[in-house]
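Read the structure below first, then the notes.
Quick note on labels: first sequence line is chain A, next is B, and so on, each numbered from 1.
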2 protein chains.
Amino acid sequence: MALDLSVDRSSPVPLYFQLAQQLEASIEHGALTPGSLLGNEIELAARLGLSRPTVRQAIQSLVDKGLLVRRRGVGTQVVHSKVRRPLELSSLFDDLEAAGQRPATKVLVNTVVPAAAEVAAALGVAEESDVHRVERLRLTHGEPMAYMCNYLPPGLLDLDTGQLEATGLYRLMRAAGITLHSARQTIGARAATDGEAERLGEDAGAPLLTMERTTFDDTGRAVEFGTHTYRPSRYSFEFQLLVRS
Amino acid sequence: MALDLSVDRSSPVPLYFQLAQQLEASIEHGALTPGSLLGNEIELAARLGLSRPTVRQAIQSLVDKGLLVRRRGVGTQVVHSKVRRPLELSSLFDDLEAAGQRPATKVLVNTVVPAAAEVAAALGVAEESDVHRVERLRLTHGEPMAYMCNYLPPGLLDLDTGQLEATGLYRLMRAAGITLHSARQTIGARAATDGEAERLGEDAGAPLLTMERTTFDDTGRAVEFGTHTYRPSRYSFEFQLLVRS
DNA sequence: TCAATCCGTATGTCCGGACAATCGGACCGC
DNA sequence: GCGGTCCGATTGTCCGGACATACGGATTGA
């Protein structure tokens, strides 16, 4: 198959990462077809002038992403699955933009309020202490799609309404130097209350998809707590799970 | 801190895995408190009589699980997050059993049918070709909680109704030597039809939580396709996401 | 013909070392 | 007091090698 692989040792990009990117690209545009063997690690290392641990590190990163499967005594092969989008901690805004939807955001509320018990517990702050509260309506094609209510601990970020309408909350946090680490999510469903129905353009009692999420940064601090409601006719959660071995 | 760590070189369990398990246990029952440093890798390796790569491999596996965070120039520390359950490809049955719910299963249908277009596409088989169809009702505390309809490609597994009522589908597949690899899931909501309401003990038009999933084994073959509906008052999806770096 | 065994091959694990990049605090000069 | 610089500490990357282990096919035997 003679894959066109090469590494640039003068680049600051780690060698294993360069190799991983090239392999991923080869898989993506079909140079490496599903099921095909990757060639053994020793020979691959020799061909590229790399050591075997470096090659293994590159391959391992793709195995972790679910693109490759290793079999002892057999080799490493490309996974067949058609859909290979991994599950990431992403924002609704990014999801929609990636789908080419060009989402619009309307900020309904952007203020500071005393933390209710549930919010205080989620964010790990004292009850009744000040927290930011942001309520937003997300629209696609001029129609409401989601109502989002988020709480942020004070002093983390200054929330500009203009910026909130132009981009997503996660992107603002990342831009402020916050390293997102993990999030705990609960997805459920319930009937719309009158107020929710009004906001989303549904009938009262209509089914709504609900999501509650607490996001943590790399130090373990909670940086965001939010309760969202979605119109199930216009949005559903879609993701891929991997088995951890 | 003087953690009580040790490895058994005569064990067939890999050294890095032994170390990872001990560290995870120490975190779990509080010997390693959130935020505490883990001590540098070199010294840790020396203390255990291991090489640094081995220690790094153990630490890395816990970083991948979201338990630890590494900081160059600083050290490795335990993440603060309270909830550390990772997102796994798990079955409803396992989830419930882990929560101590002792779920009951009632098999409504267990037969072979010609594949409809949607099923054929999901499983990668020809339309109208034979596939297994299993319909089950999952109950907790005597009350219906979920209605599940699953399709399996032929010849993969012989589905015994008795076994299906005693355990979960995933567990049967694993027992049959199938290595589960990944799954693509869609979670949404909609109003219950008359038939669904009847089955689940809800009113017609009541909100239902829906899940559609295709599961793949490690060769990339689809091994299961299912559409499930849940009573939102009795079940919601809960999981933790990690940022891939 | 079929089953058990052998063997080549590829990944899995582990070692010991080297240098680079980055973080944080200490030190120093202004 | 304040800011910049230096430096120790720690992880990040990379090397080259060694042996163990498991898979699959070929060979061998019944």
Touch class at under 4.0 angstrom, heavy-atom based, for Arg71(A) against every strand present: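 The answer is sugar-phosphate, as Arg71(A) gets under 4.0 Å only of primed atoms, P, OP1 or OP2.
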
Sugar-phosphate only, base, or nothing, as touched by Pro14(A) at under 4.0 Å among non-hydrogen atoms: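 Sugar-phosphate contact only.
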
[N], OP1 or OP2 - any side-chain N/O from [X] closer than 4.0 Å?
X        : N       : result
Arg70(A) : dG12(C) : yes
Ser51(B) : dG17(C) : no
Thr76(B) : dT11(D) : yes

Length of the CZ-P vector between Arg56(B) and dC14(D), whole Å: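 About 11 Å, once rounded to whole Å.
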
Atom-pair distance (CZ on Arg52(B); C1' on dA9(D)), nearest Å: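 It works out to 12 Å between those atoms.
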
Salt-bridge criterion met for Glu165(A) and Arg138(A) (N-O under 4.0 Å):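 Looking at Glu165(A) and Arg138(A), the cut-off is not met.
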
Arg184(B) and Glu238(A) ion-paired at < 4.0 Å: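 Yes, Arg184(B) and Glu238(A) are salt-bridged.
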
Residue met sooner reading DNA chain D from 5', once Val13(A) and Gly73(A) are mapped to nucleotides: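 The residue whose closest nucleotide sits nearer the 5' end is Val13(A).
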
Toward the 5' end of DNA chain D, by each residue's nearest nucleotide, Tyr16(A) or Ile42(B):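 Upstream on the strand: Ile42(B).
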
Options dT11(C), dC14(D), dG12(D), nucleotide nearest the side-chain atoms of Arg72(B):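 Nearest to the side-chain atoms of Arg72(B), counting from C-beta on, is dG12(D).
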
Side chain of Val74(B) (C-beta onward), nearest among dG24(C), dG12(C), dC15(C):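 Nearest to the side-chain atoms of Val74(B), counting from C-beta on, is dG24(C).
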
Donor-acceptor contact present, side-chain Ser36(B) to main-chain Leu32(B), <3.5 Å: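 Here the side-chain-to-backbone pair does not exist.
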
By ring pair (Phe, Tyr, Trp, His ring centres under 6.0 Å) - contacts of Phe237(A) (at least two apart):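 If we apply the ring pair (Phe, Tyr, Trp, His ring centres under 6.0 Å) test to Phe237(A), skipping adjacent residues, the hits are Tyr230(A), Tyr235(A).
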
